[in-house]
Amino acid sequence: MTTAMNDVMIEAQGLTKSYGRPGARVLDGVGLRVARAGIHALLGPNGAGKTTTVRILATLTTADSGTARVAGYDVVTDRRRVRRAISLTGQFAAVDETLSGEETLRMMARLSGLTRAQARRRAEELLARFGLTDAARRQARTYSGGMRRRLDLAAGLVGSPEPGVFFLDEPTTGLDPRSRRELWQVVRDLADRGATVLLTTQYLEEADQLADRISVLDQGRIVAEGTPEALKSRISGHRLDLVLNSREAYLGLAGRAVHHSPETLTLGIPTDGTAVHVRTLLDEIDPHRADVGRFSVHSATLDDVFLALTTEKKEATAHV
Ligand SMILES: Nc1ncnc2c1ncn2[C@@H]1O[C@H](COP(=O)(O)OP(=O)(O)OP(=O)(O)O)[C@@H](O)[C@H]1O
Ligand SMILES: [Mg+2]
């Protein structure tokens, strides 16, 4: 494999895409790098461009410009090799739901070229691995949402050898907390076995729990990228809200803020909330004690982090 030489399994640069109207870009220069056996989360709100990015990487659609390689292969010029190297969830959602989980997996295994005996063994193995042995003989239409997602993942694995790259587009949306946790474990197991996982999610907590690195996508741009720890230390914990005395002071500081409220000249800056840090920040931001009128400290949730990054100012791209 051409990937033997480098350990970047997914690499995209400058991806752009617009549907129809050229001015309205759905992706506006998206770049990504995902290491082998890593779990990378593409986090973003509805319409951010997550599915579009995944579809480009999975060769289901093409970008207007930019390049991408998956498992070392170009997604445009080496489309067939890319397809062989990946698994995409949702792919098998159309499977006949009157079939049982076992029948579904055996059928897929046969389609991928295994003998009857091999297919039986492979189905058994996957049903056990995905916690579906007890439900193996039940029609898939009786499965819960979590069981369906697991069957879907298993179906993506039936062919051998196992694909090295998984694209999971919002794998846990609509699942209850317990099913969500079960699926997280399945995803971790995949990565532990050496698979590379790119998952999209709208939930910061999910990205935090699963991912080695997170790219935050908003309106077709990566607005922040880093480890969960780095992202959290930048934006979670607490927020120091400053009411500035002038518009100049406000604009001068806007770039480092995670919360902006121009009408009240208020900016929110991340802090750990300790007196030492707040004092240091105030001195650094306003050495002459002229710009900051008032301040307050709030505890920020992980969702605040996400909201701050994705719904407010776009000019400051944060690399953490
Ligand atoms: N085939 C299409 N034709 C026209 N517009 C599209 C098409 N597919 C996606 N879009 C638009 O592109 C934008 C990004 O869509 P995309 O599905 O990539 O977002 P997303 O981040 O996956 O959102 P969600 O969280 O809702 O799944 C949206 O504004 C969407 O309406
Ligand atoms: Mg989507």
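In listed order, ligands and their atoms are each counted from 1.
- Looking at atom 1 (N) of ligand 1, its nearest protein heavy atom turns out to be Y19 CE2, 3.5 Å.
- For the Mg ion (ligand 2), protein N/O/S neighbours under 2.8 Å (waters excluded) are T51 OG1.
- Not counting sequence neighbours, the partners of S100 by the side-chain contact (heavy atoms from CB on, under 4.5 Å) test are E102, E103.
- The residues R239 and D241 are annotated as salt-bridged, a charged nitrogen and a carboxylate oxygen being separated by less than 4.0 angstrom.
- Looking from atom 27 (O) of ligand 1 to the surrounding protein, the closest heavy atom is E170 OE2, 3.5 Å.
- For the ligand labelled ligand 1, residue G49 lies inside the 4.0 Å heavy-atom shell.
- Under 4.0 angstrom from ligand 1, the non-hydrogen atoms of V26 all belong to its side chain.
- Summary of contacts: the protein heavy atom closest to atom 15 (O) of ligand 1 is T52 OG1, 3.8 Å.
- When only non-hydrogen protein atoms are considered, atom 17 (O) of ligand 1 lies nearest to T51 CB, 3.6 Å.
- With hydrogens and angles left out, the side-chain atoms of H277 and T271 include a donor and acceptor closer than 3.5 Å.
- Under 4.0 Å is where a charged nitrogen must lie from a carboxylate oxygen, and between D78 and R81 at least one such pair does.
- Inclusion of A48 in the set of residues having an N or O under 3.5 Å from an N or O of ligand 1 is warranted.
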